[in-house]
Amino acid sequence: MTPEVTGISPRAMRVNDASEYTSISVSTLNKLRLTGGGPTYVKIGKSVVYLISDLDAWLEAKRQKTTIDNN
């Protein structure tokens, strides 16, 4: 399933769609924006959007081969 992209850019999506795209809850994405460690985001006025390329890069950086890599 492909999330609906925002009217802002065909490469960007709002938090709800980014949540669906990454399988990470909206509340976790919101918390990661406050504490750091989450995907890069763009703030436009009051809106937060994620570029698909940033989500993909962040997910790629989280890849692991074993549970030992979990440090």
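With a 6.0 Å cutoff to the six-membered ring centre and a 45° limit on the axis angle, Arg33 counts as a cation-pi contact of Tyr41.
Between the side chain of Trp58 and the backbone N or O of Ser53, no donor-acceptor pair lies under 3.5 Å. Counting only distance, with no hydrogens or angles, the side chain of Ser19 and the backbone of Val15 share no donor-acceptor pair below 3.5 Å. A donor-acceptor pair under 3.5 Å is formed between the side chain of Thr22 and the backbone N or O of Ala18.
Going from atom CD1 of Ile24 over to atom CG of Asn30 covers 11.5 Å, rounded to the nearest 0.5 Å. The CG atom of Leu51 sits 6.0 Å away from atom CZ of Arg11, with the distance rounded to the nearest 0.5 Å. Atoms CG and CG, on Leu55 and Asp17 in that order, are 10.5 Å from each other to the nearest 0.5 Å.
Taking the side chain as every heavy atom from C-beta outward, Arg14 and Val48 never approach each other to under 4.5 Å. Side-chain contact between Thr28 and Val26 is absent, with no heavy-atom pair separated by less than 4.5 Å.
Residues passing the side chain to side chain donor-acceptor pair (under 3.5 Å) test with Asp56, sequence neighbours excluded: Tyr21. Applying the side chain to side chain contact (heavy atoms under 4.5 Å, CB included) test to Ser23 and every residue at least two apart in sequence or in another chain returns nothing.
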**Message:** Does Ile52 form a side chain to side chain contact (heavy atoms under 4.5 Å, CB included) with Met13? I'd like the steps, not just the answer.
**Reply:** CA-CA 7 Å; Ile52 294 171; Met13 57 181 72; 3.4 Å; yes
